[in-house]
Structure formats: C-alpha cells, structure tokens
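Worksheet for the structure shown next.
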Amino acid sequence: MKEILEKVKRVFPLQNIKKQRENLYFVETEKIHLVSLITNLRDINGFKHLVLLTAVDRIENGVFQLTYLLNNDELKIDLGVRVFLDRENAEMESIHHLWKQAATYQRELREMFGINFSGSPRVDKAFILEGWDGMPPYRRDFDTLKYSEETYFPRPGRSTNDPAEYMKQKMYPDE
Amino acid sequence: MSKKLFTYNHDRSLFPEKGQDGKPNIDLSSHKFMKIWHGPQHPGITGNMSLELTLQGDEVMDCETHVGYLHRGFEKLMERRKYIQCFPIVCRVAVPEPDFNEYCFASAMEELAGIQIPENAVWLRNLVLEMSRLQSYLMWIGGQAGSLGQGIIGQWSLYCRDLVLDRFEELTGGRIYHMYIIPGGVRGNLPDGFLKRMEETLQIIESFMKDIKKVMFNNAVFKKRTVEMGVIEKDWIYKYGITGPNARATGIAKDVRKDYPYLKYPDLDFEPVTSEYSDIYNRADVRRRDLLLSIDLIRQILAKIPLKGDIRAKTPNVLHWKVPSGETYSRAECTRGEYGYYLVSDGSEYPRRVNVRGPSYTHAVALLEDMIINENIADVAGLMVSLHTYPPEIER
C-alpha cells in the first residue's frame, strides 16, 4: 500500500496519510484534485469498488468532510479519501460517471447536508424526504429537539424519563 | 443452462427511440404510455418501497425507485445519543437481519477504543451472525417463490424461520431484534440444552430444504420465469457496486467472510458459493446453497465453541465512555452482500457520525432501475426480490 501511496503522491498532493489498521488507510486531498485522484486510483491502482460516499459536518471548522471509501479487491485494502468543502455554498464535482451508484449517494448528500453535486442525475429530486423545505436535517446546526417539539405533540397522561438519568438510576445508583 | 423456452419478438418499430442516456424518449402526452406505482407493499420485500413504472403495453420503459417510507433518521439520532444508547437503535436499521448492524457497530467502536473481546464472545458472535443469515435466507426464499406464484414455499420456510427465531429467543430473549452483540462482548452465554435443540432445528430445516429444492427449483414454471431473466453481467460488478450473492452468481467469489476474515471465519472450513451466470434462477440457487453452507457453519461453530469463559471485556462506565477520536470502517458479509459501518468519533461521549452501508442501497436503486427496462410487468416483483432488497437499510 505504501508503494501505491508513494506513486500517487508524486502526481497528486496527499496530506495526513493515516494507517487505521493493516488494510485501511485514510488520506486527505484538495477539492480540485479529487476527481482526477479517484479516477487514477480506480483505473491505474485497482481501487475499482466504491464502498461508500458520505459526509461529516465539521461545523467547528466551518467545513464539510466528504469521505470516498474505495476498495482494492486484489490487495484487499480500503482507502478513504477525504476532502474538505466550505460549509457555505458547499459544492463538489460529481463522480456519477465513474460509478453508477454514486448518483444515489450524491442525491442523498444533497438532501441531507445541502452539498450540491452539479450534473449528477436527479440530484435535486427528493430522495428520502419528500416535501422537505427546511434546513438539510443532517447538518449539525439542525435542532432535532426543536423540530420534534414543533412537529409532534405530547400525548396526555404520558410521562417520559430522561434516558441518561434513568439508566444512571438503574445501573449505577451509588454514583 | 437451458435458454428460454419461449421468445416473443415485439415489433420494435412501435417502441420509442432511445435518447443519449440510453433510456427511451417518453412523451406521456402521446397516450402510448401508462404510469403505474408498483408498491409500496411487495411480497418478499421486508419494508416499503415503490417503483414508479412507465409502461408501454406490458413492457417497462422507465423505472424510478422511491424510498422514504421508513426513514427514521437513525444516523442523526445516534449523533445525539451516547454510544451505549445507540446500541438498541442500530439493530433496527435492517429489520430481518439486525445482528450484522450490532456486530459492525460494536466492532467499529471496539477498534477505536482498543478493546479486545474474550474468545467465547467471539464464537458466540459468530454463531449469532450465521443464525441470522439462516433465518434471513429462509424469509427471502418464501418471498422469491411467492412473487412468482408459489405460495406454499413461503409457508414452509417461515415455519423453519420460526424455529430459528425460537433458538434466538432462548439465547437472547428477543425474536426479531436481539440486542445481543453489545460493545465489549455479548449479553449472555448459551442456555442448557441449546446445542441439542439447535441440531434438531437444523435437521428440520435441511429436510424442508430438500423439499423446497424439488418443488421450487425443479418446477417448470419457476424455471421458465427465471432462467435468462434479470441477468447481471460480470462487468457490472464494479460499475454498480454489486456485492454478495448477486455478484457471486456471476462467478466472482466476492465474500467478506473469506476476503476480509473477521471473528472466527479463518478457523472455519468453507468456500464461497458461486455460480456462472447471474440470472434470477442462479441467484436463487446461490442463495439456497449459501443457506446450506450456513447450516454447515453453525454445526462447525457449535463443535468448536468453548462453552465457558468470559463473554464481556471490561469496559469503562458506559454512561461516561469517551471513545478516542478517529474514524474507521467495519464490514461483514450479510445475506445481501457487504454490510458496513463508517464510524467517526471526536473523542466525546457521543459518536460524531455513523454511516451505514447497506447493500440494498446500490442494488435496489441504481442497478434495479437499469436492469428492469424492457422487462414484462409480471416479472418486476420476481426481479426485485431476486436482488434481495431490504428498503430500511436504504433510508435508515
């Protein structure tokens, strides 16, 4: 794996190479290099399988982290390619031309995080949340408690326990 | 492999021309087309999912998958809960096969926290995962037969599945959701007499599987409707991200149990089940043989399980358990293919992000939408079930 990363590093800027375990590595790259890096990994270095594409909202740094997890079937190795996008007007190039299922991931990220993948098929069409026009709900600043209080109503006669307090009473009463 | 007995060639000049994206140009105002909703209820599909089909006559011209009926926002919920509070949530992501969620979540968390679980717990986890595979296949086989008009198979296989659920109940206390694989180990040891009762259950299932093979796989109607139908080409495997029996039926021995050995699979003797041609019939046969392999693996596990020893590693106070920051991906082979959890921790008591990779996410949207074109409406249900789709894991 080190050889592949050294080889790729000569062409693309890779930062923070991290070995999580023997068969799982994570690297960071810049937004403008991402699609060509992934194409290179797929076509030249055998990372043919797109395992998943997801986002992490790093609100404290004002960025979204996109993770493209690729898998090399011959070497039995996974490589997570991470890229950071500005949270304001988050936009990323689409990779639906490389893998068909990427369009579904991108459609979900558009809906749940508000990241735009222009050119991706049906990216603006509702995927899971039909008729949703509020803030994309998987962003960290989406207040789930406020949403449920506004949307749902308490049933009369029903009491609720705070789960953390309740578990503490049951499991660690002396603490 | 015999080819289709009947072929009927439509007069293609009456059909719309294909556009640049490979799909037909559809003008609904021409009154040549009809749109119907297929679903959201389907036999053999555990959960709800709709197909918006555009038909010309009885042939599918275009298809769009609609999900969202079961969205419960689990990934978001978990960001607001401590790790131990996530544990009863994860099993609910995939209803008929909850144990793979529990295992992937627990193993990802243990990897980040640097916890080694006891030997006995590893064997028990392996046993539960194989039992889960067995009951999930039994449910699927009823759905596959039912979607093609063979109701009796579902009645037999659901009886067998209930027997496996009985074993689950005595081992874990739950029939559907087990909440057994807990971070740090498992919740309980094998009850007295479990091995004997499990062996009896396996023998009953084996005897039913012989009947199912005769009645379903040797049935002329089933063959006519499934051979050469819904073919997955070998070069689609990477293009669409296909895993599990759908991929193995093309001849590629892609099996996480063998490729990325986890738990006690390196100590078990097995070879991934493959076929040479991925049509509905062969995919069904691969799953049937995988079910029998699962029975064999359960026997191997029960012969080797230590039956004594610790079942839980020492963990910190679960209410204040801060998992060191980092990210990882944990995977397992479920009945549909590669199941995985991508877990990100920021060093706090709450997971920063949990992303579930369910195989249906790729199979039931991108793949199904493309392979269903030009099929007959009567075959849509059978084709859908032959991809072994669980909608809950698409929308989570």
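Numbered from 1 within each chain, the chains take letters A, B, ... in sequence-line order. Remember, it's a predicted structure, so these values are computed and weren't measured experimentally.
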message: I need the residue from B:Arg80, B:Glu327, B:Lys239, B:Gln85 with the largest number of non-hydrogen atom pairs under 4.5 Å to chain A.
response: B:Glu327
field: Contact origin within B:Glu395 toward chain A - heavy atom pairs under 4.5 Å
entry: both
- request: Counting only heavy atoms closer than 4.5 Å, note whether A:Ile77 contacts chain B via side chain, backbone, both or neither.
  value: backbone
message: Shorter than 4.5 Å, heavy atoms on both sides: which option in B:His71, B:Glu79, B:Glu338, B:Lys82 has the most such pairs with chain A?
response: B:His71
- line: chain A shares the most heavy-atom pairs under 4.5 Å, among B:Ile242, B:Val318, B:Ile237, with B:Val318
- request: Counting only heavy atoms closer than 4.5 Å, note whether B:Leu112 contacts chain A via side chain, backbone, both or neither.
  value: side chain
Heavy-atom proximity to chain B below 4.5 Å, by part of A:Arg82: side chain
Rounded distance (nearest 0.5 Å) linking atom NZ of A:Lys168 with atom CG of B:Leu319: 8.0 Å
- request: Report the relative orientation of the aromatic rings in B:Tyr361 and A:Phe127; use parallel for angles under 30°, tilted for 30 to 60°, perpendicular for over 60°.
  value: perpendicular
task: Side chain from CB out, backbone as N, CA, C, O: work out which of these in A:Tyr138 comes under 4.5 Å of a heavy atom of chain B, or both, or neither.
output: both
task: Answer yes or no: is there a side-chain heavy-atom contact under 4.5 Å between A:Arg42 and B:Tyr238?
output: no
statement: When the 4.5 angstrom heavy-atom criterion is applied to A:Pro137 and chain B, the contacting part is backbone
statement: Interatomic distance, OG1@B:Thr243 vs NE2@A:His49, rounded to 0.5 Å, equals 6.0 Å
task: Give the member of A:Thr144, A:Asp78, A:Val51 that has the highest number of heavy-atom pairs under 4.5 Å with chain B.
output: A:Val51
- prompt: Do B:Tyr342 and A:Thr67 have a side chain donor and acceptor closer than 3.5 Å?
  reply: yes
- prompt: Quick one: what part of B:Leu77 sits under 4.5 Å from any heavy atom of chain A, side chain, backbone, both or neither?
  reply: neither
task: Sort A:Ala102 into side chain, backbone, both or neither according to what part of it lies under 4.5 angstrom from a heavy atom of chain B.
output: neither
message: Checking A:Asn71 against B:Tyr260: is there a side-chain donor and acceptor pair closer than 3.5 Å?
response: yes
task: Check whether B:Arg81 gets within reach of chain A through its side chain, its backbone, both or neither, counting any heavy atom under 4.5 Å.
output: neither
Check: A:Val56 and B:Arg352 side chains under 4.5 Å, non-hydrogen atoms: yes
query: In terms of heavy-atom pairs under 4.5 Å, which option from B:Glu64, B:Glu75, B:His66, B:Lys254 contacts chain A the most?
result: B:Glu64
- request: Heavy atoms only: give me the nearest B:Lys76-A:Phe142 pair and the separation to one decimal.
  value: NZ-O, 3.8 Å
message: In the structure I gave you, are the side-chain heavy atoms of A:Leu52 and B:Asn355 within less than 4.5 Å of one another anywhere?
response: yes
query: Hey, which of A:Met171, A:Arg140, A:Arg21 has the most heavy atom pairs under 4.5 Å with chain B?
result: A:Arg140
query: Which atom pair, heavy atoms only, marks the closest approach of B:Ile394 to A:Ile128?
result: O-CD1, 4.3 Å
- request: Among the options A:Leu24, A:Asp57, A:Leu50, A:Asp73, pick out the one with the most heavy-atom pairs lying under 4.5 Å from chain B.
  value: A:Asp73
message: Can you tell me which of B:Gly73, B:Ala366, B:Gly340 forms the most heavy-atom pairs within a distance under 4.5 Å of chain A?
response: B:Ala366
- prompt: By a 4.5 Å heavy-atom criterion (distance strictly below it), what part of B:Val344 contacts chain A: side chain, backbone, both, or neither?
  reply: side chain
- prompt: Heavy-atom distance under 4.5 Å to chain B: side chain of A:Tyr172, backbone, both or neither?
  reply: side chain
